[in-house]
Amino acid sequence: MENTKNKKIIIANWKMNPETFSEARELFNAVKKETRKLENIEVVIAPPALWLAQLKINDNDNIELGAQNMHWEEKGAFTGEISPIMLKDAMVKYVILGHSERRINFGETDEMVNAKILAAFKNKLTPILCIGETFEEKKEEKTQDVFKKQINNAFVDITEYEIEANKIFIVYEPIWAIGSGFTPAFDDILSARLLIKKILAGLYGRRVADKVPVLYGGSVSVQNAKDIINKGGMDGLLVGGASIKAGEFINIIRAVAN
Ligand code: PEP
């Protein structure tokens, strides 16, 4: 698997932003320019699907494209959906799956997430699987149960050989931290990482679990980015709001790179 322990991953989830393609291109080009200088960071930009095929990456650019979602079927009568084959054709390498906004607002179930991971593997796309608890679940100390359910269900019918043959990232995104300005304590982020690794080890053994990078997402900023990596023990970050401001996102990249 390609991602080494030293190479940190920073994913930009632009969600339904910015408003126009010219703004998107400007933001993309600014980040792309910055990443050319970096060797210890892998940057993935996940713009709205409409622009995936238009944002151009050259051979010497150290940046990749990710989709924010996809359907599990390869083609057919699925109005409004985008297939893994279409993403491959647009040179997309990554796909965010199971984001809480899709689970909550669009009824995406664990079973759908599982079908999408299987489809991503089949088409050599790297899934970025998002998991995380609500504030109520946190208060009721149900975080462990939520992780177990979301991971066990997401990995149904996926063998250890498939995990080894493909790349997959898991992102811990506490739902209460997304867009709120609040983040868990660094110790809690570290505990979340260890719990995710433990659940994976239960399914596939420690050796395979060690190969799955675990990232953090939720109100990442220039102020906390480096500590989330160092004190929270994370392999990377998924950045929402701060990723659509070129200067702020570039500063997050620099903070992690240095
Ligand atoms: C997200 O929704 O994936 C996210 C990380 O958002 P934010 O950084 O804005 O909290």
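Note: hydrogens, waters and symmetry copies are ignored here, and every other heavy atom, side chains too, is used. Both ligands and their constituent atoms are indexed starting at 1 by order of listing.
Residue-ligand proximity, Gly241 to ligand 1, at heavy-atom distances under 4.0 Å covers atoms 7 (P), 8 (O), 9 (O). For ligand 1, the atoms closer than 4.0 angstrom to any heavy atom of Gly240 are 4 (C), 5 (C), 6 (O), 7 (P), 8 (O), 9 (O). Heavy-atom contacts of Asn13 reach the following atoms of ligand 1: 3 (O) (cutoff under 4.0 Å).
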> Glu133 and Lys138: salt bridge (Lys or Arg N to Asp or Glu O under 4.0 Å), yes or no, with the steps?
Replying inline: CA-CA 6 Å; Glu133 82 286 5; Lys138 174 182 156 63; 5.6 Å; no
> Does the pair Val212 and Ile163 meet the rule for a side chain to side chain contact (heavy atoms under 4.5 Å, CB included), with working shown?
Replying inline: CA-CA 8 Å; Val212 178; Ile163 304 280; 3.9 Å; yes
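Of the polar atoms of Gly179, at least one N or O is found under 3.5 Å from an N or O of ligand 1, judged by distance alone. Considering backbone and side-chain atoms alike, Leu238 places every N or O at 3.5 Å or more from each N or O of ligand 1. For ligand 1, none of its N or O atoms has an N or O atom of Ile178 under 3.5 Å away. In terms of polar-atom proximity, Ser180 is not counted as a contact of ligand 1, lacking any N or O under 3.5 Å from an N or O of the ligand.
The shortest contact between atom 5 (C) of ligand 1 and any protein heavy atom is with Glu173 OE2, 3.0 Å. In this structure, atom 2 (O) of ligand 1 lies nearest to the protein heavy atom Lys15 NZ, 2.5 Å.
No cation-pi contact links Arg25 to Phe28, judged by a cut-off of 6.0 Å to the six-membered ring centre and 45° from its axis.
Under a 3.5 Å cut-off, the side chain of Lys142 and the backbone N or O of Lys139 do not form any donor-acceptor pair. No donor-acceptor distance shorter than 3.5 angstrom exists from the side chain of Asp235 to the backbone of Lys8, with no hydrogens or angles considered.
When Leu215, Val43, Ile45 are each tested for a side-chain contact (heavy atoms from CB on, under 4.5 Å) with Ile11, only one passes: Leu215.
More than 12 heavy atoms of other residues, nucleotides or ligands shown are found within 6.0 angstrom of CD on Glu23.
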